[in-house]
2 protein chains.
Amino acid sequence: MFKIGDFSKLSLVTVKTLRYYDEIGLLRPIKIDRFTGYRYYSAGQLPRLQYIIALKNLGLSLDEISAMTKNSLSSSQMRDVFIKKKVELQQRIGEEQKRLMQVEKLLERIKMEGKMPDYQIVIKNIEPMNIASVRDTVPEIQDMDGLWETLKAVRTYHASSITGPIMAIYHDMEYREKNVDVEVAVPIHEEITLPDPIKVRNLPGETVASLIHKGPYETMDAAYQALMTWCESNGYELAGPDRHLFLRTHKDVGNPEEYISEMQQPVRKI
Amino acid sequence: MFKIGDFSKLSLVTVKTLRYYDEIGLLRPIKIDRFTGYRYYSAGQLPRLQYIIALKNLGLSLDEISAMTKNSLSSSQMRDVFIKKKVELQQRIGEEQKRLMQVEKLLERIKMEGKMPDYQIVIKNIEPMNIASVRDTVPEIQDMDGLWETLKAVRTYHASSITGPIMAIYHDMEYREKNVDVEVAVPIHEEITLPDPIKVRNLPGETVASLIHKGPYETMDAAYQALMTWCESNGYELAGPDRHLFLRTHKDVGNPEEYISEMQQPVRKI
DNA sequence: TATGGACCCTCCAGTAAATGGAGAGTCAAG
DNA sequence: CTTGACTCTCCATTTACTGGAGGGTCCATA
């Protein structure tokens, strides 16, 4: 019979931890003095403790270990637990490696450009939504304003059905300055019906690379560049028309330097 | 100005999380209504939030992010942070991979043997200690008893100086049945002096693979086998004479099936 | 027998980054 | 005015411990 300190020295497990394992019922002392509360352990408990430590080193949680040691699982159940653990570990390693790669890319860029990049790119999952939209091919980007006019009806008469910020969807697969195939849209509840040429349709959920741009629209090509570069070096490929969300526009603020937009480029992991 | 729910939809960060970020001062709303307590955010805060999320995805803690965004570090300081993060990530990936390998080996063994292995092997770091010991080459292992007799003096007259369980150290580099070079020892405080042939010496700290054996000493070769196999398949090589700790012996219990021993084999990561 | 120091006890607080829920107050459309 | 959606604060919970306060126990020595 060992007092907790001696047992701790034998097992190289701290006294605090032993008391904790007692508390959660993972490893109870063979005896607790009724009067002093002193815990007494026996050498015979060392295999059990060793077992616990071994399982912990494999990455099992104390809960899992409790379950395994208490119900003394069959070996096929054991196998299942470890297979599950294995998958979990593989997944975590994958994530960490992705992270590591991103950090490395970032370091590279800092080294190349001598400063932190101006844009932070983040992967998000966008839920599907319903939109009211008008789509057309316009000679110049500025001509998009006509489409906004068309949509204005929705925005004034159905203001309460609107569920998000207005956006533009660029359907050309490559960048172009003239004859742009653009769809301007506003997210809505499903119910309303609208006159031609406004259409109500469903915009599917997507995984997008998102970037927030502050400033006038003319300076957005750098942002677009950054997004492309990021996708390339982080192993994503483009997977659909990109969306432009207008989060703060001339209607909210006078100075175009204060405009805020979000670019959402659907992507797919290569 | 958005209420917290709208801002949450825009940023895809939960309301709870936004409130938490407010609480820890990471991202405060631009305005809080003095009477209702309602938080109001602006589109202009999205870049900041995006930045926070990007850094979080790289594996930085909110504390680190706070420090980075509050003091707007120079780019060389930024670089240092990321280099540190990179090292940290590499290390964690290494550990997880080691774990994964161990799980895989274990699964293999379960498959081969149709059951959980009988022995759990654990890596420990043993602190250096002082021992009183007698070393000799004995024709048969049983003859070790003579050495125990010699040490008995220590164990009776200096009982209070003893700091741990008795042990045997096998100095032969390979296993042998005859002419065993063995040292029997008992850990002590440094101060005492002892008559010949007992020596007081320092046993260095070691990294050991440890295994706990229950039962008579005759059945320990299976344990030794298991230890060797484990070391081989987990990438460790032997790095010194192994120690045998006697944790429960004939002095504590009658039935040899109840004996408890610990084998400590110093190892080195290959 | 007294005492000093090492050891042990319980209880409480804190860690990181949220999540879940109770109970109450607020907003906006119809 | 009602109703339902939204928001607020405060508290508890998660993991696997760690640290400390305040107080009791053990035991070898004086």
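These numbers come from the heavy atoms of this one structure, side chains and all, not from hydrogens, waters or symmetry mates. Keep in mind it's a predicted model, so treat the numbers as computed, not measured. Below, chains carry the letters A, B, ... as their sequence lines are ordered, and counting in each starts from 1.
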Give every donor-acceptor pair under 3.5 Å between a side-chain atom in residues 127-134 of chain A and any protein atom, sequence neighbours left out.
unit_1, atom_1, unit_2, atom_2, d
A:Asn130, OD1, A:Asn202, ND2, 3.2
A:Ser133, OG, A:Glu183, OE2, 2.5

Where do N or O atoms of nucleotides 15-18 of chain D meet protein N or O atoms at under 3.5 Å, pair by pair?
unit_1, atom_1, unit_2, atom_2, d
D:dA16, N7, A:Tyr20, OH, 3.3
D:dC17, OP2, A:Tyr21, OH, 2.8
D:dT18, OP2, A:Thr14, OG1, 3.2
D:dT18, OP2, A:Thr17, OG1, 3.1

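Side-chain atoms of A:Ile123 and A:Val267, non-hydrogen and from C-beta on, do get closer than 4.5 Å to each other. Between B:Leu203 and B:Arg243 the shortest side-chain heavy-atom distance falls below 4.5 Å. Contact annotation: the side chain of A:Val15 approaches that of A:Ser8 to within less than 4.5 Å [non-hydrogen atoms, C-beta and beyond]. Taking 4.5 Å as the limit, some side-chain heavy atom of A:Leu245 sits within range of a side-chain heavy atom of A:Gln264.
Every residue two or more places apart in sequence or in another chain was checked for a side chain to side chain donor-acceptor pair (under 3.5 Å) with B:Gln102, and none qualifies. For A:Arg99, the salt bridge (Lys or Arg N to Asp or Glu O under 4.0 Å) partners are A:Glu96, not counting sequence neighbours. In this structure, A:Phe82 has no ring-ring contact (aromatic ring centres under 6.0 Å, His included) partners at least two apart in sequence or on a different chain.
Shown for residues 29-37 of chain A: residues whose heavy atoms fall under 4.0 angstrom of DNA chain C, namely A:Thr36, A:Gly37. A heavy-atom distance below 4.0 Å to DNA chain C is reached by none of the residues of residues 122-130 of chain A.
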Fill in: Check against side chain to side chain donor-acceptor pair (under 3.5 Å), A:Glu95 and A:Gln97
CA-CA 5 Å; A:Glu95 278 166 25; A:Gln97 274 173 338; over 6 Å; no

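Between the two ends of the helix from C:dT1-D:dA30 to C:dG30-D:dC1, each summarised by a five-pair axis, the helix axis turns through 30° (rounded to 10 degrees).
For the atom pair A:Leu247 CG and A:Met167 CE, the distance stands at 9.5 Å (nearest 0.5 Å). Atoms CD and OG, on A:Glu258 and B:Ser42 in that order, are 9.0 Å from each other to the nearest 0.5 Å.
For B:Arg19, a side-chain nitrogen or oxygen approaches OP1 or OP2 of D:dC8 to under 4.0 Å.
In this structure, A:Ile4 reaches the sugar-phosphate backbone alone: every heavy-atom distance under 4.0 Å involves primed, P, OP1 or OP2 atoms, never a base.
The list of salt bridge (charged side-chain N to carboxylate O under 4.0 Å, His left out) pairs with a residue in residues 61-80 of chain B, not counting sequence neighbours, reads B:Glu64-B:Lys84, B:Glu64-B:Lys85. Among residues at least two apart or in separate chains, ring pair (Phe, Tyr, Trp, His ring centres under 6.0 Å) pairs with a member in residues 5-56 of chain B are B:Phe7-B:Tyr41. The stretch residues 30-56 of chain B participates, sequence neighbours left out, in these salt bridge (charged side-chain N to carboxylate O under 4.0 Å, His left out) pairs: B:Asp22-B:Arg39.
Atom P of nucleotide D:dC6 and atom CE of B:Met1 are separated by 19 Å, given to the nearest angstrom. In this structure, CZ of A:Arg39 is placed 14 Å from C1' of D:dG24, rounded to the nearest angstrom.
Bounding nucleotides for the chain B contact on DNA chain C, 5' to 3', at a heavy-atom distance below 4.0 Å, are C:dA17 to C:dC27.
Taking the nucleotide of DNA chain C with the nearest heavy atom to each of A:Tyr40 and B:Tyr40, the more 5' of the two is matched to A:Tyr40.
Using bins of under 30°, 30° to 60° and over 60° for the plane-to-plane angle, the ring pair B:Trp230/B:Tyr236 lands in the parallel bin.
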